[in-house]
Amino acid sequence: MLVDSHCHLDFPEFAPELDAVVDRARAAGVGLCVSIGTTLDGFPRVQAVAERFDSVWGSVGNHPHETEKEPLEDAQALIALAQGPKVGGIGETGLDYFYEHSPRAAQQKNFRLHIAAARELGLPLIVHTRDAEDDTIEILRDEMEQGAFTGLIHCFTGTKKLADAALELGFCISVSGIATFKKSEELRAVIREVPLERLLVETDAPFLAPVPHRGKRNEPAFVAHTADVLAGLKGVAREDLAAQTTQNFFSLFRKVKRPE
């Protein structure tokens, strides 16, 4: 079984055929998906999808792009929403200095509040970081000194510096379809050095479809293609890659129950 540790099944791209999308995932060996929250206002949609399917869980978060629209004064709103029965993580959160849809200071404040919620609830933190490695590392290290928490760098596209810092903090690294792209050799070189027991796989669907579906709408079934490439990078059989990344997922997302 594979786990798609990061997708967005509540997005409108999936609405016309959501049942078929989930069925195709199961047929491809993807036994569980996590539909990730990007706004607090939109969390009811995430929750509804998770409650509709046994094989789907959700998370609560405010994407860095949305920080200016949904500024947080404290962690209580996140904590309250995360009490739901099928909420497995906090995020996605983090820093995005590439687009800078929200001011950096506001992103940093929200990031720290998500960390506080993850720490209090014992749920993993789902981190988005783009063009913001130094500040991401600094905040994670600073917050870890104030109290331990767990998490992952989602859709990892960073440098060895970021990978080493994440691993040092006890984080996992999640690999998306970007690792299958022809021009991603530098990324693949970093991933080769990450211990297999710290890796997850994801789609970030509907975005970033892997080869051979690049350019099309992504969906959880396609995580199998990323898993194939990752197995090749690590020099292991596909079945062993699936078993290890799935074990890694459940070790990190401890609230999430294995599907029957």
Side-chain angles (χ1 to χ4, degrees), residues 3 5-11 32-53 56-96 101-129 132 135-155 166 169-172 174 200 202 249-258:
V3 174
S5 64
H6 193 114
C7 59
H8 299 281
L9 294 179
D10 65 301
F11 279 20
L32 192 140
C33 309
V34 183
S35 190
I36 302 295
T38 57
T39 67
L40 301 192
D41 182 64
F43 175 71
R45 295 190 298 272
V46 174
Q47 187 176 41
V49 172
E51 292 178 352
R52 180 172 164 185
F53 300 99
V56 178
W57 281 64
S59 73
V60 173
N62 177 329
H63 193 286
H65 289 342
E66 308 296 332
T67 299
E68 191 168 33
K69 298 176 186 175
E70 287 189 339
L72 299 174
E73 292 305 317
D74 55 44
Q76 293 310 306
L78 294 166
I79 291 169
L81 291 175
Q83 305 296 330
K86 293 195 77 179
V87 177
I90 299 295
E92 64 188 283
T93 182
L95 307 174
D96 193 313
H101 290 324
S102 295
R104 293 186 180 188
Q107 290 186 46
Q108 292 168 13
K109 178 181 177 180
N110 268 26
F111 188 18
R112 289 182 183 273
L113 292 173
H114 281 72
I115 293 171
R119 183 191 292 120
E120 178 166 333
L121 296 171
L123 295 176
L125 184 76
I126 302 156
V127 178
H128 168 111
T129 179
D135 283 357
T136 298
I137 292 168
E138 180 181 352
I139 288 173
L140 289 174
R141 284 176 172 165
D142 179 61
E143 289 290 338
M144 194 67 74
E145 290 178 356
Q146 299 178 46
F149 56 97
T150 62
L152 62 95
I153 307 296
H154 115 84
C155 191
L169 291 167
F171 270 43
C172 288
S174 184
L200 304 179
E202 65 167 273
F249 172 84
F250 285 108
S251 295
L252 180 61
F253 286 79
R254 296 182 179 180
K255 183 179 172 182
V256 178
K257 296 178 175 60
R258 288 180 180 264

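Nothing fancy with the numbering, it's 1 onward along the sequence. Quick caveat, the model's predicted, so the values are computed rather than measured.
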Apply side-chain hydrogen bond (donor to acceptor under 3.5 Å, both in side chains) to residues E66 and T39 and explain how you reach the verdict. CA-CA 7 Å; E66 308 296 332; T39 67; over 6 Å; no

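Side-chain contact check for V60 versus V46: every heavy-atom pair is 4.5 Å or farther apart. Between H6 and H8 there is a side-chain heavy-atom pair separated by less than 4.5 Å. The side-chain heavy atoms of V87 and L81, taken from C-beta on, include no pair separated by under 4.5 Å. Taking the side chain as every heavy atom from C-beta outward, L169 and F149 never approach each other to under 4.5 Å.
Within the 3.5 Å criterion, the main-chain N or O of H63 finds no donor-acceptor partner in the side chain of T38. With S102 contributing its side chain and P64 its backbone, the two residues share a donor-acceptor pair below 3.5 Å. Counting only distance, with no hydrogens or angles, the side chain of E143 and the backbone of I115 share no donor-acceptor pair below 3.5 Å. No donor-acceptor pair under 3.5 Å is formed between the side chain of N110 and the backbone N or O of N62. Distance alone, capped at 3.5 Å, places no donor-acceptor pair between the E92 side chain and the I36 backbone. At distances below 3.5 Å, at least one donor-acceptor pair connects side-chain atoms of S59 with backbone N or O atoms of G91. Between the side chain of K86 and the main chain of V56, a donor-acceptor pair closer than 3.5 Å is present.
Listed by chain and residue number, F43, E51 satisfy the side-chain contact (heavy atoms from CB on, under 4.5 Å) test with Q47 (two or more places apart in sequence, or in another chain).
In terms of heavy atoms, F249 sits closest to L200 at N-CD2, 3.4 Å.
Note on ring orientation: taking the six-membered ring where Trp is involved, the planes of H154 and H128 are tilted (angle from 30° to 60°).
Put simply, OG1 on T67 and NZ on K109 are 11.0 Å apart, with the number rounded to the nearest 0.5 Å.
In the displayed structure, R254 atom CZ is contacted under 6.0 Å by at most 12 heavy atoms of other residues, nucleotides or ligands.
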